[in-house]
Amino acid sequence: MNSVTTTLTKVLSKEFYRLNTGFFLLTGTLTFGFMSEVEHRALAQSFVSTPHLLMIPIGVWLLYGIKVLNFNLQQLSRIENQVLFNIPFLPFWEQARSVSMFLLWQLLPAIVYGIYLLRFAWSLPLNQSWISISISLVLLWSGSAFIMIRQLHYPHREKSVSFLKRFTDYQYPKPIIQIYVEWLLRRDPFMLAGSKIFAGLLIIGICSLYDAEYDGRLMSMTMTVVAMATIPIASHIQNFENLHVSWIKNLPVGPIRRYVWYLLVLILLLVPEIVVLFKNFPSHLHFHVLIVNILYALSLGACFFGLLHIKGTTLEKFTKVSFAIFISVIILILFKIPLLILTGINFATGFLIYHKYFYLFEPASEGTT
């Protein structure tokens, strides 16, 4: 029994933290690098004060749980981890205990912050808040364990194409933009939904806490994080072009048009964030700040897409590299470098690198991530 738990911890839990070092560095910088202890306490008290604000950390926990499950399911598909499918031969309660223990380590950041919120909810005698937090954490843990056990029991579930999709496929030719978006939705819908929910909640949270003393730099830093969330999208699109439709490189299409294809896909996928930003944008900021920030987020996503073509690498390794870019951009914003200049540099850098390395690029031998 202990050997099973140890194996799952080494193969999934430790590997999760190792490959997501960049993600935790980014999260740690955002949460501890720009906020004091007093601000953390004030934020926690505001979360537990009303049910609506409490949905923000609960939503973040849900997204984190989706990230953990996506990672585990991807690791189970690797050939060297096929031995894990022998776990269903154990008694059910031993399976549940082993899976729950390694998931506890993976979900530990969410659980620790949940306990931190419980401390304030308990001291404020808000029964609804601490009950909601407790139930959310228990459901997150137990639900993740249930999904993992089910996946171990049924690793090769068949997928069928719906009648509506078959009908539309036969009736009209798809534009290239729809092909990219549809593939993303089918390839990793949880990643796509998770990034949209995370970005939307972040924008709502920052806009609701925006004070008249803050200038546009806080909004620019927020949109930098939103743009960072587009990195998995850019990576999936690149893998789609090189691993599934590699013949697309032979089409008589110029680099500008190809780059515009990606920009249109990115604009379409950023529509939820743009709508949320329009709806919650602070009233004391000028309208042109809103437009410039949208262009800035788009330009940074386009820059990441170009940088991905320099060398074939996994998404986890590129995320670590992008952390240095994130810190550099935040410093430039703090030094009040005009956002339009950064936007122009991002667009130019992304296109020039894309144009130079598009035909030279070879995907990483490890495959998609």
Side-chain angles (χ1 to χ4, degrees), residues 26-63 113 117 120 193-230 266-303 325-347:
L26 173 62
T27 305
T29 302
L30 291 175
T31 53
F32 298 104
F34 299 99
M35 296 178 63
S36 64
E37 182 181 355
V38 175
E39 291 173 323
H40 274 292
R41 290 186 177 184
L43 184 62
Q45 289 176 347
S46 65
F47 281 152
V48 300
S49 61
T50 60
H52 296 91
L53 289 178
L54 188 58
M55 292 303 298
I56 295 178
I58 292 177
V60 173
W61 296 338
L62 175 62
L63 297 179
Y113 191 71
L117 292 181
F120 291 97
S195 64
K196 300 294 107 177
I197 297 174
F198 167 76
L201 291 175
L202 177 65
I203 293 173
I204 293 173
I206 294 297
C207 290
S208 63
L209 297 174
Y210 224 99
D211 192 275
E213 298 180 358
Y214 296 145
D215 55 19
R217 288 180 294 175
L218 178 60
M219 185 58 63
S220 300
M221 289 188 284
T222 303
M223 297 309 292
T224 302
V225 180
V226 172
M228 292 287 292
T230 65
L266 186 58
I267 291 173
L268 187 60
L269 294 175
L270 283 176
V271 166
E273 289 93 328
I274 294 174
V275 171
V276 173
L277 186 60
F278 264 97
K279 186 176 180 180
N280 298 275
F281 195 72
S283 58
H284 67 275
L285 293 180
H286 294 293
F287 182 75
H288 79 273
V289 176
L290 170 64
I291 302 301
V292 171
N293 274 277
I294 293 174
L295 291 175
Y296 165 71
L298 178 64
S299 70
L300 195 55
C303 182
I325 299 175
F326 170 78
I327 297 298
S328 302
V329 171
I330 293 295
I331 293 175
L332 292 175
I333 291 174
L334 290 175
F335 277 95
K336 296 185 177 181
I337 302 299
L339 208 60
L340 277 177
I341 294 178
L342 295 179
T343 300
I345 292 174
N346 290 336
F347 275 126

| Ile325: what forms a side-chain contact (heavy atoms from CB on, under 4.5 Å) with it, not counting sequence neighbours? | Phe304, Leu307, Val329
| field | Counterpart residues, side-chain contact (heavy atoms from CB on, under 4.5 Å), relative to Leu54 (two or more places apart) | value |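 Per chain and number, Leu54 pairs via side-chain contact (heavy atoms from CB on, under 4.5 Å) with Pro57, Ile58, Ser129, Ser132, Ile133.
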Grab the two heavy atoms, one from [X] and one from [Y], that are nearest each other, plus how far apart they are.
{"X": "Cys207", "Y": "Pro282", "value": "SG-CD, 3.9 Å"}
{"X": "Asn346", "Y": "Ser299", "value": "ND2-OG, 3.2 Å"}
{"X": "Ala297", "Y": "Ala227", "value": "O-CB, 3.7 Å"}

Hey, could you give me the [atom1]/[atom2] distance between [X] and [Y], rounded to the nearest 0.5 Å?
{"X": "Ile56", "Y": "Ser46", "atom1": "CD1", "atom2": "OG", "answer": "7.5 Å"}
{"X": "Phe326", "Y": "Met228", "atom1": "CZ", "atom2": "CE", "answer": "6.5 Å"}
{"X": "Asn293", "Y": "His288", "atom1": "CG", "atom2": "NE2", "answer": "9.5 Å"}
{"X": "Phe281", "Y": "Ile294", "atom1": "CZ", "atom2": "CD1", "answer": "8.5 Å"}

| message | What verdict does the side chain to side chain contact (heavy atoms under 4.5 Å, CB included) test give for Phe120 and Phe47, after you've listed the backbone C-alpha separation in whole Å, the side-chain angles of each residue and the deciding distance to 0.1 Å? | response | CA-CA 9 Å; Phe120 291 97; Phe47 281 152; over 6 Å; no
| task | Sequence neighbours left out, what pairs pass salt bridge (charged side-chain N to carboxylate O under 4.0 Å, His left out) with at least one residue falling in residues 216-225? | result | Asp215-Arg217
| Non-hydrogen side-chain atoms of Thr222 and Leu202 separated by less than 4.5 Å |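 Answer yes - side chains close enough.
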| said: Whether the side chain of Thr230 engages the backbone of Val226 through a donor-acceptor N/O pair (distance < 3.5 Å, no angle test) should be reported. | reply: no
| field | ring pair (Phe, Tyr, Trp, His ring centres under 6.0 Å) against Phe347, all qualifying residues, sequence neighbours excluded | value | none
Could you pull out all donor-acceptor pairs under 3.5 Å where a side-chain atom in residues 270-280 meets a protein atom, sequence neighbours excluded?
from: Glu273; atom 1: OE1; to: Lys196; atom 2: NZ; distance (Å): 3.2
from: Glu273; atom 1: OE2; to: Lys196; atom 2: NZ; distance (Å): 2.8
from: Asn280; atom 1: ND2; to: Val276; atom 2: O; distance (Å): 2.8

In a table with atom names and distances, give each donor-acceptor pair under 3.5 Å that connects a side chain of residues 335-344 to protein atoms at least two apart or in another chain.
from: Thr343; atom 1: OG1; to: Leu339; atom 2: O; distance (Å): 2.8

